[in-house]
Engineer: 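Starting off with a structure, shown below.
Just so you know, ligand 1 is whichever comes first in the structure, and atom 1 is the first atom listed for that ligand. Nothing here was measured: the structure is a model prediction, and the numbers come from that model. Computed from heavy atoms alone, side chains included, the values below leave out hydrogens, waters and symmetry copies.
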Amino acid sequence: MSKPEITFFWFRRDLRLEDNIGLFHALQSQFPVIPLFIFDEAILDSLPKNDARVGFIHDSLSKINVKLQAFGSFLLVKKGKTHEVWQQLIQEFDIKEVFFNKDYEAYAIKRDWAICELLTSNKINSFSFKDQVIFEEKEITKSDGLSYTIYTPYKNKWLEKYNSMAPVQEYDASDKFSNFHKNNFVFPTLEQIGFEQSTIKVIPHNLKNVTNYHETRDFPALDATSHLSPHLRFGTVSIRKLVNWAAKKNDVFLSELIWREFFMQILFSFPKVVSHNFKSSYDGIQWRNDEEDFKHWCSGTTGYPMVDAGMRELNETGYMHNRVRMVVASFLCKHLLINWQWGEAYFAQKLLDFELSSNVGNWQWAAGTGCDAAPYFRVFNPEIQLKKFDEKGIYIRKWIPEFDLGYCKPMVEHAFARDRAIATYKAGILK
Ligand code: FAD
């Protein structure tokens, strides 16, 4: 029996049917389209069995699967090494075309390059699209073609380009959904993939918060930010729809979405930032890297309520408010003189919205080692941050129930830690 001629759409970090550009183009195909997701063992093998992000991916795929059923189709879900999965699929189907959206992290670029080679050697056409950003790779550069390393001029150029084409085109393919392949693929449970439900869940995003964003975003007790980050990370929300909407709503909010793209283009243009200081002149800093201190920071027992509340929020929910992320990151690097990479790795394990580019970019910003970073001599005072941004102590009491029962003393005195940080940085920065 001849194998069916098929087009594949490969979902990765774009887990939605709406305004998905790669899917839009796939569905124009003359062949029926199989929607595919691969749980990549190269990524999954290092995660705990109850990783909440895997649960969220599974949940998002399940929602897509339910929508597909109305068109007699099911998602094809595989687990394995990506290259091997594609080799099997090539045996099983007469694949004519494969469509997917681009991913800009080094691991993904290498993986996709290898898959495209495999497809080409089997005479299969592959097509990739820009979907997770408005402007990718080298689309926003200085006039000499070099990448921006300072945010404000990057943002100005980004806005100029966006405004010249606004609103950006959205891609509604709903009139082509009948082109999904009719099948009876069985959708696996989370347990069949080797994972279990976590008690931590991604919460729905909230766009109502954005109206007064510029006034409320810095106050963690108000919880007045959008909670979009995991949705942008896994593509359950379209960045095109979001930016077209945000551009008319709130400039400050829009500028945060531009920070996201700024760090993405930094990671793309300077992939070394994942494991090296962007500013190599900072390589000589003598970090203390004290493991006991690090444990106090991780568990939220430093004696600084804003730091401790933030770390406890992170440990319990997989989320931390941005203002508090800045405070805890600065505290780790400057007060404790622990290398930003330790903090970055801890956040990567815990954050539901872990995004390599934003995490590395913001950690290096806090440590002072990154592009357009906080100057090394600016050392946040966690007590002043608390007074400014949680004056009534509502946020800290939410996460530190024992706060009013006589809270533990700070593990290091601020003025001492500040002087030590400045002296250590000064001595370590290469002239
Ligand atoms: P909102 O304030 O509603 O912002 C809307 C969106 O703008 C966010 O969802 C995010 O996509 C983007 N954004 C906002 N602030 C930033 C920023 N500083 N840098 C880049 N994008 C931003 N964000 C991540 O998505 N993943 C990370 O791994 C991550 N790690 C961080 C580590 C540190 C040390 C710090 C200081 C910040 C980090 N951020 C990270 C940025 C920011 O804290 C989160 O994006 C934000 O708190 C998410 O909540 P929200 O969606 O309610 O944000």
Engineer: May I ask you to check whether E196 and N50 show a side-chain donor-acceptor distance below 3.5 Å?
Structural biologist: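 No, no side-chain donor-acceptor contact under 3.5 Å.
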Engineer: Which protein non-hydrogen atom lies closest to atom 3 (O) of ligand 1, naming both residue and atom, and how far is it?
Structural biologist: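 The closest heavy atom on the protein side is S226 OG, 2.6 Å.
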Engineer: Backbone, side chain, both or neither: what part of N322 comes under 4.0 angstrom of ligand 1, heavy atoms only?
Structural biologist: both
Engineer: Name the orientation class of the two ring planes belonging to F278 and F270 (parallel below 30°, tilted from 30 to 60°, perpendicular beyond 60°).
Structural biologist: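 Judged by the thresholds at 30° and 60°, the geometry between F278 and F270 is perpendicular.
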Engineer: Side chain or backbone, does L228 bring an N or O within less than 3.5 Å of an N or O on ligand 1?
Structural biologist: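 Among all N and O atoms of L228, at least one is under 3.5 Å from an N or O of ligand 1.
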Engineer: When you check the side-chain N and O atoms of T225 and Y319, is any donor under 3.5 Å from an acceptor?
Structural biologist: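 There is such a pair (donor and acceptor under 3.5 Å, judged by atom type) between the side chains of T225 and Y319.
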Engineer: Show the atoms of ligand 1 that are less than 4.0 angstrom away from any heavy atom in S229.
Structural biologist: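 So the answer, numbered in order with elements, is 9 (O), 25 (O), 48 (C), 49 (O), 51 (O).
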Engineer: Does L351 approach ligand 1 within less than 4.0 angstrom via side chain, backbone, both or neither, non-hydrogen atoms only?
Structural biologist: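 Within the 4.0 Å criterion, L351 contacts ligand 1 through side-chain atoms alone.
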Engineer: Would you call the rings of F177 and F71 parallel, tilted or perpendicular if under 30° counts as parallel and over 60° as perpendicular?
Structural biologist: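 Perpendicular: the ring planes of F177 and F71 meet at over 60°.
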Engineer: Considering only the protein, which heavy-atom contact is closest to atom 35 (C) of ligand 1, and what is its distance?
Structural biologist: N362 CB, 3.3 Å
Engineer: So if I count the atoms of ligand 1 from 1 in the order they appear, which ones are less than 4.0 Å from some heavy atom of R260?
Structural biologist: 11 (O), 20 (C), 21 (N)
Engineer: With a 4.0 Å cut-off on heavy atoms, is R217 in contact with ligand 1?
Structural biologist: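 R217 does not count as a contact of ligand 1 under the 4.0 Å cut-off.
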Engineer: Answer yes if the side chains of N277 and D283 hold a donor-acceptor pair under 3.5 Å, and no otherwise.
Structural biologist: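 On atom types as modelled, these side chains qualify, holding a pair under 3.5 Å.
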Engineer: Between H321 and ligand 1, does any nitrogen or oxygen pair lie at a separation below 3.5 Å?
Structural biologist: no
Engineer: Can you report which non-hydrogen protein atom sits closest to atom 20 (C) of ligand 1, along with the distance?
Structural biologist: S358 OG, 3.5 Å
Engineer: Note the single closest protein heavy atom to atom 28 (O) of ligand 1, along with its residue, its atom name and the distance in Å.
Structural biologist: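 Of every protein heavy atom, E355 N, 3.0 Å lies nearest to atom 28 (O) of ligand 1.
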Engineer: Protein heavy atom under 4.0 angstrom of atom 22 (C) of ligand 1, is there one?
Structural biologist: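 Looking at atom 22 (C) of ligand 1, one finds that a protein heavy atom does lie closer than 4.0 Å.
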Engineer: Would K138 and S147 count as a side chain to side chain contact (heavy atoms under 4.5 Å, CB included) here? Give the steps.
Structural biologist: CA-CA 7 Å; K138 302 275 183 187; S147 301; 3.2 Å; yes
Engineer: Would you say the side chains of H231 and T236 form a donor-acceptor pair under 3.5 Å?
Structural biologist: yes
Engineer: Cut-off 3.5 Å, side chains only: do Y395 and D223 have a donor facing an acceptor?
Structural biologist: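 No, D223 and Y395 have no side-chain donor paired with an acceptor closer than 3.5 Å.
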Engineer: Angle between ring planes, F11 versus F9, binned at 30° and 60°: parallel, tilted or perpendicular?
Structural biologist: perpendicular
Engineer: Knowing that exactly one of R16, K102, R13 qualifies, which makes a side chain to side chain donor-acceptor pair (under 3.5 Å) with D131?
Structural biologist: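 Filter result, single survivor: R16.
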Engineer: Just which atoms of ligand 1 are under 4.0 Å from any heavy atom in H227?
Structural biologist: 50 (P), 51 (O), 52 (O)
Engineer: Could you tell me which atoms of ligand 1, counted from 1 in the order shown, lie closer than 4.0 angstrom to a heavy atom of L257?
Structural biologist: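 Answer, ordered by atom number: 6 (C), 7 (O).
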Engineer: Enumerate the atoms of ligand 1 whose separation from the nearest heavy atom of D353 is less than 4.0 angstrom.
Structural biologist: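 Ligand 1 atoms under the 4.0 Å threshold to D353: 24 (C), 25 (O), 26 (N), 27 (C), 28 (O), 48 (C).
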Engineer: Starting from atom 1 (P) of ligand 1, which protein heavy atom do you reach first, and at what distance in Å?
Structural biologist: Y213 OH, 3.5 Å
Engineer: With heavy atoms only and a cut-off of under 4.0 Å, state how A329 meets ligand 1: side chain, backbone, both or neither.
Structural biologist: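 Within the 4.0 Å criterion, A329 contacts ligand 1 through side-chain atoms alone.
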Engineer: Students often mix this up, so state it plainly: with edges at 30° and 60°, are the rings of Y171 and H25 parallel, tilted or perpendicular?
Structural biologist: tilted
Engineer: Please list the nearest protein heavy atom to atom 30 (N) of ligand 1 with its residue and the distance rounded to 0.1 Å.
Structural biologist: N359 OD1, 2.9 Å
Engineer: For a quick test of your reading: what N or O donor-acceptor pairs under 3.5 Å do the side chains of residues 365-373 make, sequence neighbours left out?
Structural biologist:
from, atom 1, to, atom 2, distance (Å)
T369, OG1, Q364, OE1, 2.8
D372, OD2, Y151, N, 2.8

Engineer: Indicate yes or no: does an N/O atom of Y319 lie under 3.5 Å from an N/O atom of ligand 1?
Structural biologist: yes
Engineer: Short N/O distance, under 3.5 Å, between E256 and ligand 1?
Structural biologist: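 Yes; at least one N/O pair falls below 3.5 Å.
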Engineer: For atom 29 (C) of ligand 1, which candidate among E261, M264, M320, R325 provides the closest heavy atom?
Structural biologist: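 Ranked by closest heavy atom to atom 29 (C) of ligand 1, first place is R325.
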Engineer: Taking salt bridge (charged side-chain N to carboxylate O under 4.0 Å, His left out) as the cut-off, I'd like each qualifying pair that reaches into residues 35-50, sequence neighbours left out, listed once.
Structural biologist: D40-R111, E41-K81
Engineer: Considering heavy atoms of the protein only, find what lies nearest to atom 5 (C) of ligand 1 and give residue, atom and distance to 0.1 Å.
Structural biologist: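 Nearest protein contact, heavy atoms only, for atom 5 (C) of ligand 1 is F253 CE1, 3.4 Å.
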